[in-house]
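To start, the structure itself, in C-alpha cells.
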Amino acid sequence: MENIKKHIKDVSDFPKKGIVFKDITPLLMNPKALQQVIDMWVSRFKKSKINKVVAMESRGFLFGVPVALKLKAGFVPVRKPGKLPRKTISQSFSLEYGKDKLEIHRDAIKKGDRVLIIDDVLATGGTAEAVTKLVEKLGGTVKSLAFLMELSFLNGRSKLKRYNISSHIKY
Ligand code: AMP
C-alpha cells in the first residue's frame, strides 16, 4: 500500500487548525494508482452480491461510482440537506462541534438491497454511522463499509461495531 500512500498528501491545519487533512487529489491525478485502489475494492467485493453502492458527498462519490460500475451495482448518493431534488429521508449526527444532517432519496434503497458503503476517510465514524442508519431505515442491509484511509486514533470503528469494515491505509 506504500505506493498508494505516497499519492496522498497531508495538509496541516486544513480546513481548521489542528486538523491534518488527507488530500486525495494527487491520487486522482495518477491513473495507475487510482486504478489500483478501485481494483482492490472490486476484487474484495465481487463475490458479495452487492447491488447498491452508497457514498457520501463529495469525495465518496469519486470512488463509489467506478466501484459500482465494476460491481454492476447501482450507485446512490448521500448528500447534505437540500441538495437532492426528490423525496428524501434524513439523519442527524454529531460532529466535534455541533450537528450535521445527511439525506438520501426515499426510493434509492429497496427492502433487501445488499449495500456497500464507500468513503475516503473513516475518522470519528459519525458520518458513516449516519449513512448506515439511512440505508437501514429504507430496508437495506449494510453488507460492508469500505474506506481508503482510517484514522485509527479517532476510533471510528467503535461506532460501527455491528459492521464489516475495511480500510486500505491505516494511520
Ligand atoms: P467522521 O464522521 O469523523 O468519520 O468524518 C468522516 C468524513 O469527514 C469523511 O467523509 C471524510 O471525507 C472527512 N474527513 C474527516 N477527517 C478527515 C481528514 N483528516 N482528511 C480528509 N477528510 C476527512
Check whether any side-chain heavy atom of Leu116 sits under 4.5 Å from a side-chain heavy atom of Leu71, and report yes or no.
yes
Of all the heavy-atom pairs spanning Gly64 and Ile118, show the shortest one and how long it is.
N-CG2, 4.3 Å
Short side-chain to backbone donor-acceptor contact, His105 and Arg86, under 3.5 Å:
yes
Looking only at atom types and distance, does a side-chain atom of Glu136 sit under 3.5 Å from a main-chain N or O of Val142, one as donor and one as acceptor?
no
Can you tell me if Lys80 has over 12 outside heavy atoms packed within less than 6.0 Å of its NZ?
no
Within the supplied structure, the quantity of interest is the number of heavy atoms (other residues, nucleotides, ligands) at a distance under 6.0 Å from Lys137 NZ; does it exceed 12?
yes
Same cluster or not: are Val76 and Leu62 linked, directly or through other Ile, Leu, Val, Met, Phe, Trp or Tyr residues, by side-chain heavy atoms under 4.5 angstrom apart?
no
Leu122 vs Leu160, side-chain contact (heavy atoms from CB on, under 4.5 Å): CA-CA, chis, key distance, verdict:
CA-CA 11 Å; Leu122 172 63; Leu160 301 163; 3.9 Å; yes
Candidates Asp113, Asp107, Ile109, Val115 - the one meeting side-chain contact (heavy atoms from CB on, under 4.5 Å) with Leu138
Ile109
Any idea which heavy atoms bring Ser166 and Arg44 closest together, and the distance?
CB-NH1, 3.1 Å
Could you tell me which non-hydrogen atom of Pro26 sits nearest to which non-hydrogen atom of Lys9, and how far apart they are?
CG-CG, 3.5 Å
Qualifying side-chain hydrogen bond (donor to acceptor under 3.5 Å, both in side chains) pairs with a residue from residues 116-130, counting only residues at least two apart or across chains
Arg59-Asp120
Under a single-linkage definition using a 4.5 Å side-chain heavy-atom cutoff for Ile, Leu, Val, Met, Phe, Trp and Tyr, are Phe63 and Ile117 assigned to the same hydrophobic cluster?
no
In this structure, are over 12 heavy atoms from other groups packed under 6.0 Å from Lys101 atom NZ?
no
Tell me the closest heavy-atom pair linking Gly18 and Asp13, and the distance in Å.
N-OD1, 2.7 Å
Measure the CG-CD distance between Asn30 and Gln36 for me, rounded to the nearest 0.5 Å.
9.5 Å
The test is side-chain contact (heavy atoms from CB on, under 4.5 Å); show your working for Val131 and Leu145 and say whether it passes.
CA-CA 10 Å; Val131 178; Leu145 294 101; over 6 Å; no
Minimum heavy-atom separation for Leu102 and Ala130, please, with both atom names.
CD1-CB, 4.2 Å
Heavy-atom side-chain proximity of Met149 to Ile24 below 4.5 angstrom:
yes
Measuring from Met56:CE to Phe61:CZ, what's the distance to the nearest 0.5 Å?
10.0 Å
Could you tell me which residues satisfy salt bridge (Lys or Arg N to Asp or Glu O under 4.0 Å) with Arg114, sequence neighbours excluded, listed by chain and number?
none
Do the side chains of Lys22 and Tyr171 get nearer than 4.5 Å, heavy atoms only?
yes
Side-chain heavy atoms nearer than 4.5 Å, only ILVMFWY residues, links allowed to pass through others: does that put Val78 and Leu95 together?
yes
Members sharing Phe21's hydrophobic cluster (side chains within less than 4.5 Å)
Val11, Phe14
When rounded to the nearest 0.5 angstrom, what is the spacing between CG in Asn164 and CZ in Phe45?
6.5 Å
Nearest 0.5 Å, what's the CG-OG1 distance between Leu134 and Thr88?
9.5 Å
Go through the steps to decide whether His7 and Leu34 satisfy the test side-chain contact (heavy atoms from CB on, under 4.5 Å), and finish with yes or no.
CA-CA 9 Å; His7 297 293; Leu34 180 59; over 6 Å; no
If every non-hydrogen atom of Lys52 is compared with every non-hydrogen atom of Ala108, which pair is closest and at what distance?
NZ-O, 3.0 Å
Closer than 3.5 angstrom, by distance alone: can the side chain of Ser167 be matched with the main-chain N or O of Phe147 as a donor-acceptor pair?
no
Could you give the distance from NZ (Lys6) to CG (Leu27), rounded to the nearest 0.5 Å?
11.5 Å
Under 4.5 Å between side-chain heavy atoms, hopping through other hydrophobics if needed: is there a path connecting Tyr163 to Phe93?
yes
Please lay out, stage by stage, how Lys49 and Lys143 fare under the test side-chain contact (heavy atoms from CB on, under 4.5 Å).
CA-CA 9 Å; Lys49 300 194 176 105; Lys143 300 308 291 180; over 6 Å; no
Separation between CD1 of Ile169 and CG of Leu148, rounded to the nearest 0.5 Å
4.5 Å
Do Leu28 and Ile8 share a hydrophobic cluster (ILVMFWY, side-chain heavy atoms under 4.5 Å, transitive)?
yes
